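As structure tokens, the structure follows; a few thoughts come after it.
Please read these numbers as outputs of a predicted model, since none were measured by experiment. Residue numbering restarts at 1 for every chain, and letters A, B, ... go by the order of the sequence lines.
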There are 2 protein chains.
Amino acid sequence: MRGNLFAVAVDLVVLTVRHDQLNVLLVRRGERPYESHWALPGGFVRADEDLGDTAARELVAQTGAATQGAVQGHLEQLGGYAAPDRDPRGRVLSMGYLALLPDVPDPEPTGGPTAAFLPVEDVYGLAFDHDTILADGVERARAKLEYTTLAAAFCPPEFTVTDLRRVYEAVWRTEIDPRNFQRKVTSTPGFLIPTATRVTGGRGRPPQLFRRGPATALHPPMLREPVALAHATT
Amino acid sequence: MRGNLFAVAVDLVVLTVRHDQLNVLLVRRGERPYESHWALPGGFVRADEDLGDTAARELVAQTGAATQGAVQGHLEQLGGYAAPDRDPRGRVLSMGYLALLPDVPDPEPTGGPTAAFLPVEDVYGLAFDHDTILADGVERARAKLEYTTLAAAFCPPEFTVTDLRRVYEAVWRTEIDPRNFQRKVTSTPGFLIPTATRVTGGRGRPPQLFRRGPATALHPPMLREPVALAHATT
DNA sequence: CCGCCTTCTCGTCGGCGTGAGGCTATCGGG
DNA sequence: CCCGATAGCCTCACGCCGACGAGAAGGCGG
């Protein structure tokens, strides 16, 4: 068999919404190269694993996501990154994976390296080409909110329409009219399933609680600003 | 550096529209495993290449696409495939790439193995997991026609609105009203640039010739049948 | 040469989804 | 007790799109 040999890793873009901000899970590297730089969590693919297996294993290991994450959350492949010089140790191909999680109580009880959720706006200068992978992951997440019901993956099992709207506003960095948003999501069949309970304790009228419905697609999609036509997409 | 080592290949899903049918470029394997089976064209990533370089090199090698393909065509990454048992020779990760080309005159003057465009409807039983990669590529192409101007990548440098509509109809396997389609594509800024010439010789009123415009996105998108909501996507 | 057919192109009409915004219900707090 | 804040319902106007009519402009057969 011809061809050079690669080490194959999986790097995770784990996104969540905290305090109305889109956050990403990062780990501080404890070894060279890029020692003490922030990096995306990840690891190498084992002998008997498929790529998705590795991604799921790393996700659980880094977040303890087995509890609620695996139920509500979402995990999908982003793309492959294999520039010849992306890793000084040799030829490494990294498969980026995108994970969307509800705001977990605290992601740091991992005994290993320092891990933290940081606002994506503040993140730059990651190790390797992880800035690129992160940018691709954020863009993928933004695009998918338009035509899927994936925003619910950022929410706990039960949530209000306002919770869901704040997810859109945080990811897109826009403001959405609460009344039109409510009409849109509640009138899409299978998006939201109302529960019998309401939330008390907040200000204002107590909102209805919903659960995720079986729908995965939004027809028609919910479009963000038609940012400008023509020219390169960036 | 931990982790097992992989051979890394690039496999191409090269799509074109011929005789109002979506076709895919296949090669007949001349060696084991899967000898004499049809497979996607592809090859291994070389030492100094990034993944896109390999894909572009293979595309030119297999189609001679340098002439018109590279100008009008389109090439993008599909995803990574690395199931542990996908290749009996050992651990191979394959990056799928999707290429959209105008109908090239004839793709067979390659001195190498037998190559042919075959209608995707008739294709099954490809080597390795290429059936899966092909299905993913076709689905990606179908989805992208909805919200991008990529359909023009299937057309020669100058084409009519009817040519473009036949691309949509072939890829989606639907029928589209010619009058509404014309209104949509001609009213989208930057999609089509009219030329001074018209086509003569055919039946009916001579149509206007257009060139691709700079627009890449369709806002709002052109939606195909809302195929059915809810449930898993595949 | 003259209908007739085909295809391209433009217009019309009605329904639906969405942005904008008014209004009521129902809470906490001063 | 009143007020501000939030949730939820409703109306209206506009634009896009599906359905479809009709004219424009060519080829073709009698």
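Once you apply a 4.0 Å limit to the heavy atoms of chain A, the touched nucleotides of DNA chain D run 5' to 3' over D:dA5 to D:dT11.
With the nearest nucleotide of DNA chain C identified for both A:R183 and A:G204, A:R183 has the one nearer the 5' end. Projected onto DNA chain D by closest heavy-atom contact, B:R198 and B:P221 fall at different nucleotides, the more 5' of which corresponds to B:P221.
In terms of phosphate contacts, A:K184 brings no side-chain nitrogen or oxygen within less than 4.0 Å of OP1 or OP2 of C:dG17. Residue A:S187 places no side-chain N or O under 4.0 Å from the OP1 or OP2 atom of C:dG17.
Between B:R205 atom CZ and C:dC8 atom P there is a gap of 10 Å when expressed in whole angstrom units.
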*Mind running side-chain contact (heavy atoms from CB on, under 4.5 Å) on B:F159 and B:V167 for me, showing each step along the way?*
CA-CA 11 Å; B:F159 53 92; B:V167 167; over 6 Å; no
*Begin with the C-alpha distance, continue with both residues' side-chain angles, and end with the deciding distance and a verdict on side-chain contact (heavy atoms from CB on, under 4.5 Å) for B:D163 and B:F210.*
CA-CA 10 Å; B:D163 293 334; B:F210 293 88; over 6 Å; no
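Counting non-hydrogen atoms under 4.0 angstrom, B:G201 reaches nothing in the nucleic acid. Among the protein residues, A:T200 comes within range of no part of the nucleic acid, since none of its heavy atoms lies under 4.0 Å from any strand. Residue contacts shown for A:T160 are absent, as no nucleic acid heavy atom lies under 4.0 Å away.
A distance-only check finds no donor-acceptor pair linking the side chain of B:T174 to the backbone of B:E169 [under 3.5 Å]. Judged by distance alone, with hydrogens and angles left aside, the side-chain atoms of A:Q77 form a donor-acceptor pair with the main-chain N or O of B:G80 at under 3.5 Å. Of the possible donor and acceptor atoms, one in the side chain of B:R142 sits under 3.5 Å from a partner among the backbone N and O of B:V171. Side chain of B:D177 to main chain of B:N180: a donor-acceptor pair is present (N/O by atom type, distance under 3.5 Å, no hydrogens or angles).
Contacts between residues 172-182 of chain A and DNA chain D, defined by a heavy-atom separation below 4.0 Å, involve A:R179, A:Q182, listed by number.
Between B:K184 and B:E146 no salt bridge is recorded (no basic side-chain N to carboxylate O distance below 4.0 Å).
With hydrogens and angles left out, the side-chain atoms of A:T195 and A:T197 include a donor and acceptor closer than 3.5 Å.
Residues B:S94 and B:I133 share a closest heavy-atom pair of OG-CD1, 4.3 Å.
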